[in-house]
Participant: 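One structure coming up, written as structure tokens, with questions to follow.
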Amino acid sequence: MSALSYDPEIAEIRFGCGLSPSVAPPAGRQAMLDGLTGPDEMAAAFPIETFPEFRARMVEASENFREIRKRRGTPEVQPFRKRRNLINKAAREAMVGWQAQTFLRWTRTAQPMHERLAFFWADHFTAVGKNGVLRRGTSPYVEAAIRPNMTGSFADLLIAATISPLMLHYLDQGISIGPESPRARKGGRRGLNENLAREVLELHTLGVDGPYGQEDVRQLAELFTGLTYNPRNGFTFRKDFAEPGPETVLGVTYGGDPARLEPVLEALRALALHPATARHIAAKLAVHFVADAPDPALVDHLAGRFADTGGQLMAVYEALLEHPAAWAEPLGNAKPPADFIASACRALDVPPDTLQSLEERAARRMFFWPLGQMGQPWQSPSGPDGWPEEDADWITPQGVAARMRWAMQMPQRLCAPRGLPHPESFVQAALGSRAPGPVRFAASAAESRSEAIGLVLASPAFQRR
Amino acid sequence: MTYRLDRRSFLARSAALGCSLAASPLLTPVSFAAAPWDARLVVIILRGGMDGLDVVQPYGDPGFAAARAAWPSGPESGAADLDGFFALHPGLAPLLPLWRAEELGFVHAVSTPYRDKRSHFDGQDMLEAGTASLAGVRDGWLNRLLQAVPGVETSTAYAIGREDMRLLSGSAPVANWLPGIDLEMSPQARRLALLVMESDPAFHAALNEAMMILDGEQAVAEAGAMSAEEEAEAGMQMGMVSAGANAAHRRIADFAAEQLRGASRIAAFSINGWDTHRAQERGLSTPLGRLSDTILTLRARMGAEVWDKTAVLAMTEFGRTVRPNGTGGTDHGTGGLMLMAGGAVRGGRVHGRWPGLDEADLYQRRDLMPTADLRVQAAWAMRGLTGLDRATLERAVFPGIEMGGDPGLLR
């Protein structure tokens, strides 16, 4: 690799999960990249249900729902109502556990860029369940569709996300039916829905300034008909949902009769390789990892590598890590709230038991409510564009007050019974050689240990990366 | 970045006042200087694209029945007849007393200049920028209003809630808050917190503002306190509100009303959940419930005197397709609906020019044709509320608009 010098602290803070007192930063750029392609150690150490397993919950819920429907209006419905509540409760409690596992991955990983990319791509391909047990499906979706596909081609990642049941549900594709399809002609009032097609063009590939129009949205929506899922089998392509005839997207004609899945994938591959997609993804990566207004040369470099390699993501990550602008100081990006809390767990070296044994109510107080107050309710962005990247969206009076409050109150619970670390050594552990003088001073001058730790975590030096 | 200059300029202002924070942690509560004008303006951004055709249903237009035959609509299906042509969605039925009191009205078939790509996010950015294009926009229109008026304080305008309110971002000072946060810290911890933030203007200003708002909350509560008689009246009116007192939108409306009883003149916040791509019949009732709760809470908590000089404007990034899609919902469209409420508005009528719903009348044969610029409506409302001159509104607040004749939205 180039002669560009390597700073392990910047590597860990900007491209990783923040400094840890017990896990050393990656040894060099190559180690950072190797960490992405090696076995997913954190997924093995802190497992989270993947979507195929999660589907068992959907099957159970839908079977129970059938029983409820049969007995609606009779007293016999009661036990099934109760059962529905239990199924939902179990999923909710499982989700609390997955959040703990997610934070533990951040706390313990020696391949920290892996966790960062998982957050980045989960956000780029935002998918949220809208009802029943599906509301808890985000982590299983990330586990199945995102994490295993972050180091191949962008096309494969795009396809995996697009045809995942949670995405098909979230953006209403699963119920979109060609107006002239066999299913529509059989009767019923269901038909086309253009939600997913629009967001694939606008958010996932070309970007809103990309070269597409309403007719492309419509045509892609028609091409997408047939993509659906069911609880028992997950993704399926239903020919009888598909609009007959070919569709033309960005001037290229796909498919025809009989309807098949392959032309849909062809269209997705073409979108993945489009120059507008290369620029869109390059800019998003640069903004996410480096700065709100990154050096245009860095974006060009990433977009060029994306285009040259046909969207091979490892090559794009390598391009990111080898560019001097990616290592430029100051470390300016504000951590989003979830990243702030997860990196605080890492700096505090929170033991796995503490997080894994949290009961739902405690987890709500510790994480869910504070994340909401900081502006990022867990896995609940308000739209498919995911969370904002701009620092100013996070550094609000309410956001900063909520972070300050969390930093002062929660670490002592997270560190019980061992107790909070010594403030002065914590400054070093959390901020390394860049610890500013005023933060060192504040840590030594605070009246209590919890305030000292809180001040370190609330300091801009910890909150920016 | 380009927005949120508010806090930076706020910081500069504090520094100019000689408030050296390292030396003195004493922060003054929100002050009560005379506000630049007396009327109150609440702007609610309805994010997701509200289907105006379902909220105020043009049941008198034969094209409406033709397009939406499959859905229950009009007075026969429980919508309240407004004027023999339009009917109000049952989800807003709690607001009917306001309609009858002429404190609730609508402007139909309005839109921003945003066209064709139908992206929520660009559509909202354009709605909040108030410009004809997003290129080079640095601030929001409500902030530019504040920039044009002398005597604006941080507490004059509040952006409330979790959402970024870009329409209030810009160089004029603005307060941002999410009700329900507290921050108990020892005086020593406060001093040290400001010290660790000192070298970072954005963090420092945000924390400083949070502390001022929290310190000021008590003062505001005292200054804006209701008389016993008003409390009783408010309590009765709150009986109309359906949601629990702890619902987030209720807390926001409570907080906004409290500020507006005091020194504040503008409050802006969001209500989400309008993107009804499927099962709209069910899906629309939740956000409509929030909207009507919010308006009733504002009215009850402001008290009659303040409500009387208030205009609430609720606007959305675009309307939705005239014809339902294949999944019981509607897709992104163009022409939309603005809701107005308050004692200052001329309610009891549906304003605007109705374009008709025949195929040939539609925008791109799919959407309600916009017949008026939403920005012009907002400009006239602001002209009436603040007395700002037409030239400033046309050049600075909404650069490039032509206000034309007064649409008569205010009393």
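Quick note on labels: first sequence line is chain A, next is B, and so on, each numbered from 1. The basis for the numbers below is simple: all heavy atoms, side chains too, and nothing from hydrogens, waters or symmetry mates. The structure displayed is predicted, hence computed values, not measured ones.
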Participant: Using non-hydrogen atoms and a 4.5 Å limit, figure out which bit of B:Arg366 sits close to chain A: side chain, backbone, both or neither.
Facilitator: side chain
Participant: Taking side chain as everything from C-beta outward and backbone as N, CA, C, O, which of these in A:Pro460 sits under 4.5 Å from a heavy atom of chain B? Side chain, backbone, both or neither.
Facilitator: both
Participant: Check A:Glu199, A:Arg198, A:Glu202 against B:Ser119 for a side chain to side chain donor-acceptor pair (under 3.5 Å) and give me the one that passes.
Facilitator: A:Glu202
Participant: Has A:Glu447 got a side-chain atom pairing as donor or acceptor with B:Ser186's backbone, closer than 3.5 angstrom?
Facilitator: no
Participant: Can you name the closest pair of heavy atoms from A:Gly375 and B:Arg162 and give their distance?
Facilitator: CA-CG, 3.6 Å
Participant: Considering only heavy atoms, which portion of A:Arg464 lies under 4.5 Å from any heavy atom of chain B: side chain, backbone, both, or neither?
Facilitator: side chain
Participant: Please indicate whether A:Arg440 has more than 12 foreign heavy atoms, meaning atoms of other residues, nucleotides or ligands, lying under 6.0 Å from its CZ.
Facilitator: yes
Participant: Keeping B:Asp116 on the side-chain end and A:Gln214 on the backbone end, is there a donor-acceptor pair under 3.5 Å?
Facilitator: no
Participant: Once you round to the nearest 0.5 Å, how far does CD of A:Glu451 lie from CG of B:Leu192?
Facilitator: 8.0 Å
Participant: Among the options B:Asn272, B:Thr330, B:Val196, pick out the one with the most heavy-atom pairs lying under 4.5 Å from chain A.
Facilitator: B:Val196
Participant: Supply the atom-to-atom distance B:His332 NE2 to A:Asn195 CG, rounded to the nearest 0.5 angstrom.
Facilitator: 5.5 Å
Participant: So which residue, A:Pro330, A:Gly372, A:Gly213, ends up with the most heavy-atom pairs under 4.5 Å with chain B?
Facilitator: A:Gly372
Participant: At a heavy-atom separation under 4.5 Å, does B:Asp331 approach chain A through its side chain, its backbone, both, or neither?
Facilitator: side chain
Participant: Could you grab the distance from atom CZ of A:Arg403 to atom CG of B:Leu207, nearest 0.5 Å is fine?
Facilitator: 12.5 Å
Participant: Please classify the contact between A:Met404 and chain B as side chain, backbone, both or neither, with a heavy-atom cut-off of under 4.5 Å.
Facilitator: both
Participant: Any donor and acceptor pair, going by atom type alone, linking the side chain of B:Gln188 with main-chain N or O of A:Ala445 inside 3.5 Å?
Facilitator: yes
Participant: Locate the shortest heavy-atom distance separating A:Ala401 from B:Trp177; write the atom from each residue and the value.
Facilitator: CB-CH2, 4.1 Å
Participant: So, taking the atom named CG in A:Leu455 and the one named CG in B:Leu194, what distance separates them when rounded to the nearest 0.5 Å?
Facilitator: 10.0 Å
Participant: So with a 6.0 Å cut-off around CD of A:Glu329, is the heavy-atom count from everything else above 12?
Facilitator: yes
Participant: Which answer fits A:Phe441, side chain, backbone, both or neither, if we ask what part of it has an atom under 4.5 Å from a heavy atom of chain B?
Facilitator: side chain
Participant: Where does A:Ile175 contact chain B at under 4.5 Å (heavy atoms): side chain, backbone, both or neither?
Facilitator: both
Participant: For A:Pro179, which atoms come within 4.5 Å of any heavy atom of chain B: side chain, backbone, both, or neither?
Facilitator: neither
Participant: If you take all heavy atoms of A:Val400 and B:Ala206, which pair is closest and at what distance?
Facilitator: CG2-CB, 3.8 Å
Participant: To the nearest 0.5 Å, tell me how far B:Asn325 CG sits from A:Ser176 OG.
Facilitator: 8.0 Å
Participant: Would B:Phe121 and A:Leu203 count as a side chain to side chain contact (heavy atoms under 4.5 Å, CB included) here? Give the steps.
Facilitator: CA-CA 10 Å; B:Phe121 320 110; A:Leu203 299 176; 3.9 Å; yes
Participant: Could you work out, with side-chain hydrogen bond (donor to acceptor under 3.5 Å, both in side chains) as the rule, every residue matching B:Arg365, not counting sequence neighbours?
Facilitator: B:Glu359
Participant: Before you tell me yes or no, could you show the steps for B:Thr327 and A:Glu194 under side chain to side chain contact (heavy atoms under 4.5 Å, CB included), namely the whole-Å CA-CA distance, both residues' side-chain angles and the distance that decides it to 0.1 Å?
Facilitator: CA-CA 10 Å; B:Thr327 54; A:Glu194 60 186 43; over 6 Å; no
Participant: Taking side chain as everything from C-beta outward and backbone as N, CA, C, O, which of these in A:Gln373 sits under 4.5 Å from a heavy atom of chain B? Side chain, backbone, both or neither.
Facilitator: both
Participant: Among B:Gly273, B:Ala210, B:Ser199, which has the most heavy-atom pairs under 4.5 Å with chain A?
Facilitator: B:Ala210
Participant: Go through B:Glu163 and A:Ser382 one step at a time and tell me if the side chain to side chain contact (heavy atoms under 4.5 Å, CB included) criterion holds.
Facilitator: CA-CA 9 Å; B:Glu163 296 285 337; A:Ser382 59; 3.5 Å; yes
Participant: Indicate the atoms forming the closest heavy-atom contact of A:Ala402 with B:Ile181, along with that distance.
Facilitator: CB-CD1, 4.1 Å
Participant: With side chain to side chain contact (heavy atoms under 4.5 Å, CB included) as the criterion, how do A:Leu171 and B:His277 come out once you've worked through the C-alpha distance, each side chain's angles and the decisive distance to 0.1 Å?
Facilitator: CA-CA 8 Å; A:Leu171 294 178; B:His277 282 282; over 6 Å; no
Participant: Within the distance-only criterion (no hydrogens, no angle test), does the side chain of B:Lys117 pair as donor or acceptor with the backbone N or O of A:Val208 below 3.5 angstrom?
Facilitator: yes
